[in-house]
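Below: the structure, in structure tokens.
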Amino acid sequence: MSEIREESKNFIEVIIDEDIAAGKHGGRIHTRFPPEPNGYLHIGHATAICLNFSIAKKYGGKTNLRFDDTNPVTEDTEYVDAIKKDVQWLGFQWEGSELYASDYFDTLYGYAVTLINKGLAYVDDSTADEIAEQKGTPTQPGKESPYRNRSIEENLRLFEGMKAGEFEDGAKVLRAKVDMTSPNMHMRDPVIYRIKRAHHHRTGDQWCIYPMYDFAHGQSDSIEGITHSLCSLEFRHHRPLYNWFIEHLEIFPSRQIEFARRNVSYMITSKRKLMKLVQEGLVRSWDDPRMPTISGMRRRGYPAAAIRNFCDRVGMAKRDNVIEVELLEACVREELNATTDRMMAVLDPIKLVITNYPDGKTEQLIAINNPALENPTTREIPFSKSLYIERADFMEDAPKKFFRLSQGRNVRLKYAYIIHCDGVLKDENGEIVEVQCSYYENSRSGSDESGIKAKGTLHWVSAEHAIDGQVNVYERLFTDPEPTGHEDKDFIEFYNQDSLKINKNAKLEPALAQVAAKTAFQFMRLGYFYSDDEHTPSAPIFNKTVGLKGAWKPKKK
RNA sequence: UGACCCAUGGUGUAAUGGUAACACAAAGGUUUUUGGUACCUUCGUUCAAGGUUCGAGUCCUUGUGGGUCAACCA
């Protein structure tokens, strides 16, 4: 703890250090998170959010939340609200109020006029197909548009006409005049404004022309004084254009730095594919606990602190990656181990009767809430003759390594007594309906004088005191670590049919009757669980967040 | 068959040109009234071949492999 270790820096921090050393922007650091409000945020966004906010915080800087809302046909305020909620839930607060690229539409229009006046932009009447044709291919240079050399005056008049609604959608575009022979496709006279009569979620019908990403993003960065604009690797080819606009517009020189976005095994991060899961009913909603969305992870019970810690531990670089989901789960367990109360719950109950225990007797046993705490608190748990234990905790003809209940074997009931299994009761189908045991009266926890050894310890609930509840158990959503990584197969083929198991008849210890929704617990020996958004004391619903590490697994017959 | 980016244990990241480190996973062990937690041990000659250097994961060259780029999407 007292050891101060020089922490290693990622390549972005190295760049920032160099910029600070060079005296850039007076050492000021300002980043931004720029989502497009056209979908819900997922684990990939979470890592980008952590990166932008954490790095600014580390250098005493600021981070803006800016919605990149330049395409009115796909965007909606519904997403704006959800995104704001997700960012805040993750534990970050942006500088001031949230910003919008649409706030800069007037400025951006002015920038376009500036470019035209400099002879660096022109109105093109070519169709979309013709423009695509002119662009050439990565291996062949492009050709200049026949409209490329219109006069500045004509361009000014035409662009004004575009804004005034004189032309049909798609009839004309404004293009930057850069270099049709550039090996970089993005420099081949990119379209920077298009005519689109669509209702914008914030500017309504005020505009019928909208700037393209390349003419909005970098300029927005510049307007906001963003010093380091962090984006994913796929934008590497946009950087020369990003810089070209800054240079010719003579505006604040934000710097774009690309990083490799983070992929997590068994998860997908394509908005379109996520949407398909929802639309086809393969998951119940965007916040289904199986979804890799921030809202899904939240509902499942992943703590924000665990996600932040995951991002820290994963680091940042420029190579393609697939992080094992086990690391995320380890972070979740680490956080939950330190913070949750241990409760007793039986998901798949089987009756256990202690034949030599007095009828009608109830003892209140003392249970420790969270042993990971320095001064743990306790609660009482009722114990009686008739209990429920986990069906998987009993086995006939069990192997030697089975440390649980079987005929003729002893086992400790957590916080209670050591019991001896005498036999079972079966129904006409041969199904075990009851396990019969006897207890050692002097083996009670805390005052065990029996001298009897028990290899295993089971969790249990008292049948008469237990409350009924629903416990949802989730497995991986896909059966393949990279569902979208197979060219010959659709990701849906890897959908895990067993990804959701609902235990409607779970038996819960009485203390669980009073807990609020959205509360995390450890159910002893089973894993971490989180009360669902729809949980109520009269109809308890818990979601399994993640299991305990667990080593021994019964062999499947 | 162009340009650009990348290459370190199973996975993800470290390493002023100077003993390859950390975490997760896996395997084994100690402790344990959770098969949990905690603790210990094991697991890589850094894609390849040349070159520079007293010394290369790091610099240079050439390969090999992977990725990105041709929306009036972002």
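Each chain gets a letter, A, B and so on, in the order its sequence line appears, and its residues count up from 1.
Residue E168(A) places its CD atom among 12 or fewer non-hydrogen atoms of other residues, nucleotides or ligands, all under 6.0 Å distant.
The shortest distance between the side-chain N/O atoms of T139(A) and the OP1/OP2 oxygens of rA70(B) is not below 4.0 Å. Distances shown here put a side-chain N or O of K196(A) below 4.0 Å from the OP1 or OP2 atom of rC73(B). In this model, the phosphate group of rA25(B) is approached by a side-chain N or O of K549(A) to a distance below 4.0 Å at OP1 or OP2.
A salt bridge does not link R404(A) with E390(A): every distance from a Lys NZ or Arg NE/NH1/NH2 to an Asp or Glu carboxylate oxygen is 4.0 Å or more. For the pair E13(A) and K58(A), the salt-bridge criterion is met [side-chain N within less than 4.0 Å of a carboxylate O].
Residues E78(A) and Y40(A) have side chains that bring a donor and an acceptor to within less than 3.5 angstrom of each other. Side chains of R175(A) and Q134(A): a donor on one and an acceptor on the other come within 3.5 Å. Side-chain contact, R32(A) with H217(A): a donor N or O sits under 3.5 Å from an acceptor N or O. A donor-acceptor contact closer than 3.5 angstrom is absent between the side chains of N442(A) and S450(A). Side chain to side chain, N370(A) and R342(A) meet the donor-acceptor criterion of an N or O pair below 3.5 Å. D448(A) and S443(A) share no side-chain donor-acceptor pair at under 3.5 Å.
Note on P371(A): a base of the nucleic acid sits closer than 4.0 angstrom, heavy atoms only. Counting non-hydrogen atoms under 4.0 angstrom, Y193(A) reaches nothing in the nucleic acid. Using a 4.0 Å heavy-atom cutoff across all strands shown, G142(A) reaches no nucleic acid atom at all. Residue A372(A) is classed as having no contact, given no heavy-atom separation below 4.0 Å to the nucleic acid. At the heavy-atom level, R262(A) lies nowhere under 4.0 Å from the strands shown. As judged by a 4.0 angstrom heavy-atom cut-off over every strand, V173(A) is placed among the base-contacting residues. Within the nucleic acid shown, S126(A) comes within 4.0 Å of at least one base atom, counting heavy atoms only. In this structure, T74(A) reaches neither bases nor backbone, as no heavy-atom distance under 4.0 Å exists between it and the strands shown. Across all strands shown, Q522(A) has heavy atoms under 4.0 Å from base atoms, whether or not it also approaches the sugar-phosphate. Within the nucleic acid shown, D448(A) has no heavy atom closer than 4.0 Å to any nucleic acid atom. Heavy atoms of H238(A) sit under 4.0 angstrom from at least one base atom.
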Intra- and inter-strand pairs of RNA chain B in dot-bracket (Watson-Crick or G-U wobble, both distances under 3.5 Å; | for another strand): .((((((..((((....[..)))).(((((.......)))))....(((((..]....))))))))))).....

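If you take atom P in rG50(B) and the same atom in rU46(B), they sit 13 Å apart, rounded to whole Å. A distance of about 23 Å separates the C1' atoms of rA20(B) and rA27(B), rounded to the whole Å. Atom P of rC40(B) sits at a distance of 39 Å from the matching atom of rG55(B), rounded to the whole Å. For rU42(B) and rG2(B), the P atoms lie 49 Å apart once the distance is rounded to whole Å. For the P atoms, the distance from rU61(B) to rA7(B) is 16 Å, rounded to whole Å. Comparing rG17(B) with rC60(B), their P atoms sit 12 Å apart, to the nearest whole Å. Comparing the C1' positions of rU31(B) and rA25(B) gives a spacing of 23 Å, expressed to the nearest Å. The separation of rG9(B) from rA14(B), taken at their C1' atoms, amounts to 13 Å, rounded to a whole angstrom.
Relative to the side chain of R194(A), the nucleotides rC72(B), rU34(B), rC69(B) differ in distance, and rC72(B) lies closest. The side chain of D68(A) approaches rA74(B) more closely than any other nucleotide in the set rA23(B), rA70(B), rA74(B). Comparing atom distances between the M212(A) side chain and each of rA70(B), rA74(B), rU34(B) picks out rA74(B) as nearest. In this structure, of rU33(B), rC24(B), rG36(B), it is rG36(B) that holds the atom nearest to the side chain of L548(A).
Here the C1' atom of nucleotide rC72(B) and the NE2 atom of H186(A) are 15 Å apart, to the nearest Å. In this structure, I192(A) places its CD1 atom 17 Å from P of rA71(B), rounding to the nearest Å. Rounded to an integer number of Å, the gap from CG of L526(A) to P of rG35(B) is 10 Å. Taking atom CZ of residue F159(A) and atom C1' of nucleotide rC72(B), one finds them 13 Å apart after rounding to whole Å. Taking atom NE2 of H459(A) as the reference point, atom P of rG36(B) lies 15 Å away to the nearest angstrom.
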Give me the distances for all protein-to-nucleotides 3-11 of chain B N/O pairs that come in under 3.5 Å?
{"residue": "rU8(B)", "atom": "O4", "partner": "R319(A)", "partner atom": "NH2", "Å": "3.4"}
{"residue": "rG10(B)", "atom": "N2", "partner": "E324(A)", "partner atom": "OE1", "Å": "2.7"}
{"residue": "rU11(B)", "atom": "O4'", "partner": "E324(A)", "partner atom": "OE2", "Å": "3.1"}
{"residue": "rU11(B)", "atom": "O3'", "partner": "V322(A)", "partner atom": "O", "Å": "3.1"}
{"residue": "rU11(B)", "atom": "O2'", "partner": "V322(A)", "partner atom": "O", "Å": "3.1"}
{"residue": "rU11(B)", "atom": "O2'", "partner": "E324(A)", "partner atom": "N", "Å": "3.3"}

Collect all protein-nucleotide pairs involving nucleotides 28-32 of chain B in which both atoms are nitrogen or oxygen and the distance is under 3.5 Å.
none

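Using cut-offs of 30° and 60° on the angle between ring planes, the pair Y100(A) and F67(A) is parallel.
The cationic group of R476(A) lies under 6.0 Å from the six-membered ring centre of Y266(A) and within 45° of the ring axis, placing it in a cation-pi geometry. Taking the ring centre of Y109(A) as origin, the terminal cationic atom of K163(A) falls inside the region bounded by 6.0 Å and 45° from the ring axis. For the pair K172(A) and F167(A), the cation-pi criterion (under 6.0 Å, within 45° of the ring axis) is fulfilled.
Two residues, Y213(A) and V14(A), neighbour RNA chain B, and the one matched to the more 5' nucleotide by heavy-atom proximity is V14(A). When each of F235(A) and F11(A) is assigned the nucleotide of RNA chain B with its nearest heavy atom, F11(A) is the one assigned upstream, toward the 5' end.
For rU34(B), its base never sits under 3.5 Å from the side chain of R525(A) at any donor and acceptor pair.
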Worked check of ring-ring contact (aromatic ring centres under 6.0 Å, His included) between F215(A) and F245(A): CA-CA 8 Å; F215(A) 201 68; F245(A) 286 130; 5.1 Å; yes

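Each of Y210(A), Y111(A), F159(A) was checked for a ring-ring contact (aromatic ring centres under 6.0 Å, His included) with Y193(A), and the lone residue meeting it is F159(A).
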